[in-house]
Peer 1: 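Take a look at the following structure, please.
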Amino acid sequence: MDPGVAEPSAKLSAFTYQKGAWVLHMLRRTLGDETLFGALRRYYAAHAGANATTDDLRHALEAASGRDLALFFRQWLYRPGLPELRVEWSWDEATREAVVGLEQVQAGEPYELDLDLLFRSGDVAERRTLTLRQKGESFRLSLPFVPEAVEADPDGWLLHTATIHPR
């Protein structure tokens, strides 16, 4: 939140709290249960009855995980909005690959994120994780079957919106 805004109602909304909870959910996937919950217990004990900042939380999580989380906090907490993804896919029979085009259509710079895609055909499914770094990217993914459908983030780990279109 912007420390220059003094009026609480100008800072807070339902999205403020929902986004905060979702960011903790994403940190759970990023760091794992043991690391995240252990770090949160230590953070709470260190700051009980006192004031703490988001940077205090980030530093506690970095100390527990050994990871630099500056980019994660910058794009998920300090940046307004969320990634808006457009997923297009087709099947290349000659190479037996799914051809996936991903575009980040939100305003501003691209998010850096990992996106799970689930390819389905009947009762068979294959999961792939794609690392996105640019506004538009293409991937070719070898699969053991011809997919009938694709799901983005099937387990609900990522704060985003997505539209999926077969080509």
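Quick caveat: nothing in here was measured; it's all calculated off a predicted structure.
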Peer 1: Are F37 and V23 connected in the hydrophobic side-chain network, where two residues link if heavy atoms are under 4.5 Å apart?
Peer 2: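 Yes: a chain of side-chain contacts under 4.5 Å links F37 to V23.
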Peer 1: Indicate if L77 and L31 have the same hydrophobic cluster label, given that clusters are the connected sets of ILVMFWY residues with side-chain heavy-atom separations under 4.5 angstrom.
Peer 2: yes
Peer 1: Side-chain contact test, heavy atoms from C-beta onward, threshold under 4.5 Å: evaluate it for L85 versus L115 and give yes or no.
Peer 2: yes
Peer 1: Can you check whether Q106's main-chain N or O pairs, donor with acceptor, with K135's side chain at less than 3.5 Å?
Peer 2: yes
Peer 1: Donor-acceptor check, side chain of T53 to backbone of D56, threshold 3.5 angstrom: yes or no?
Peer 2: yes
Peer 1: Take atom CD of E93 as the centre, draw a 6.0 Å sphere, and report whether it contains more than 12 heavy atoms from other residues, nucleotides or ligands.
Peer 2: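 Yes, enclosed.
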Peer 1: Is any side-chain heavy atom of Q75 closer than 4.5 Å to a side-chain heavy atom of E112?
Peer 2: yes
Peer 1: Please check this pair: side chain of R28 against backbone of L24, looking for a donor-acceptor N/O pair closer than 3.5 Å.
Peer 2: no
Peer 1: What's the separation between atom CG in L69 and atom CZ in R74, rounded to the nearest 0.5 Å?
Peer 2: 11.5 Å
Peer 1: Measure across A39 and A60 and return the closest heavy-atom pair with its distance rounded to 0.1 Å.
Peer 2: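 The pair with the smallest heavy-atom distance is CB-O, 4.1 Å.
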Peer 1: Looking at every heavy atom in both S121 and F145, which two are closest together, and how far apart are they?
Peer 2: CB-CD1, 3.5 Å
Peer 1: So do the side chains of L61 and F72 get within less than 4.5 Å of each other, counting heavy atoms only?
Peer 2: no
Peer 1: What residues form a ring-ring contact (aromatic ring centres under 6.0 Å, His included) with Y111, not counting sequence neighbours?
Peer 2: W76
Peer 1: Checking the side chain of D153 only, and the main-chain atoms of L158 only, is there a donor and an acceptor separated by less than 3.5 Å?
Peer 2: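 Confirmed, D153 side chain pairs with L158 backbone.
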Peer 1: Checking E126 side chain against L118 main chain: does a donor-acceptor pair fall under 3.5 Å?
Peer 2: no
Peer 1: Would you say Y44 has more than 12 foreign heavy atoms packed within less than 6.0 Å of its OH?
Peer 2: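 No - once you tally the heavy atoms of other residues, nucleotides and ligands closer than 6.0 Å, there are 12 at most.
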Peer 1: Rounded at 0.5 Å granularity, tell me how far CG in L143 sits from CZ in F119.
Peer 2: 5.5 Å
Peer 1: For residues R167 and V99, determine if any side-chain heavy atom of one lies less than 4.5 Å from a side-chain heavy atom of the other.
Peer 2: yes
Peer 1: For F139 versus T131, what's the shortest heavy-atom pair and its separation?
Peer 2: CZ-O, 3.8 Å
Peer 1: Can you tell if the side chain of Q104 reaches within under 4.5 Å of the side chain of L132, non-hydrogen atoms only?
Peer 2: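 Sidechains of L132 and Q104: in contact.
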Peer 1: Is the shortest side-chain heavy-atom distance between R127 and D155 below 4.5 Å?
Peer 2: yes
Peer 1: Mind running side-chain contact (heavy atoms from CB on, under 4.5 Å) on T30 and L36 for me, showing each step along the way?
Peer 2: CA-CA 9 Å; T30 300; L36 175 65; over 6 Å; no
Peer 1: I'd like to know if R133 pairs up with E137 as an ion pair, taking the criterion as any Lys NZ or Arg NE/NH1/NH2 lying under 4.0 Å from an Asp or Glu carboxylate oxygen.
Peer 2: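 Salt bridge: no.
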Peer 1: Hey, what do you get for CG (L102) to CD1 (I164), rounding to the nearest 0.5 Å?
Peer 2: 9.0 Å
Peer 1: Would you indicate whether the side-chain heavy atoms of W89 and P147 approach each other to under 4.5 Å?
Peer 2: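 The answer is yes; the side chains approach within 4.5 Å.
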Peer 1: Start with the C-alpha distance between R140 and D92, add both sets of side-chain angles, then the distance that settles side-chain contact (heavy atoms from CB on, under 4.5 Å), and finish with yes or no.
Peer 2: CA-CA 9 Å; R140 296 185 72 87; D92 183 338; 2.4 Å; yes
Peer 1: Dump the intermediate steps for side-chain contact (heavy atoms from CB on, under 4.5 Å) on L159 and K19, then the final yes or no.
Peer 2: CA-CA 8 Å; L159 177 62; K19 186 173 182 180; 3.7 Å; yes
Peer 1: L27, W157: one ILVMFWY side-chain cluster at the under-4.5 Å cut-off?
Peer 2: no
Peer 1: List the steps, then state whether salt bridge (Lys or Arg N to Asp or Glu O under 4.0 Å) holds for R67 with E62.
Peer 2: CA-CA 5 Å; R67 296 178 63 170; E62 288 175 339; over 6 Å; no
Peer 1: Give, for atom CG of L82 and atom NE2 of H160, the distance between the pair rounded to the nearest 0.5 Å.
Peer 2: 9.0 Å
Peer 1: Between P144 and R96, is there a side-chain heavy-atom distance shorter than 4.5 Å?
Peer 2: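 Not in contact.
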Peer 1: Could you work out, with ring-ring contact (aromatic ring centres under 6.0 Å, His included) as the rule, every residue matching W22, not counting sequence neighbours?
Peer 2: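 In terms of ring-ring contact (aromatic ring centres under 6.0 Å, His included), with neighbours along the sequence ignored, W22 is linked to H25.
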Peer 1: Checking side chain to side chain donor-acceptor pair (under 3.5 Å) for the pair D114/T129: CA distance, chi angles, key distance, verdict?
Peer 2: CA-CA 6 Å; D114 292 331; T129 301; over 6 Å; no
Peer 1: Would you call D116 and R128 a salt bridge, using N to O less than 4.0 angstrom?
Peer 2: no
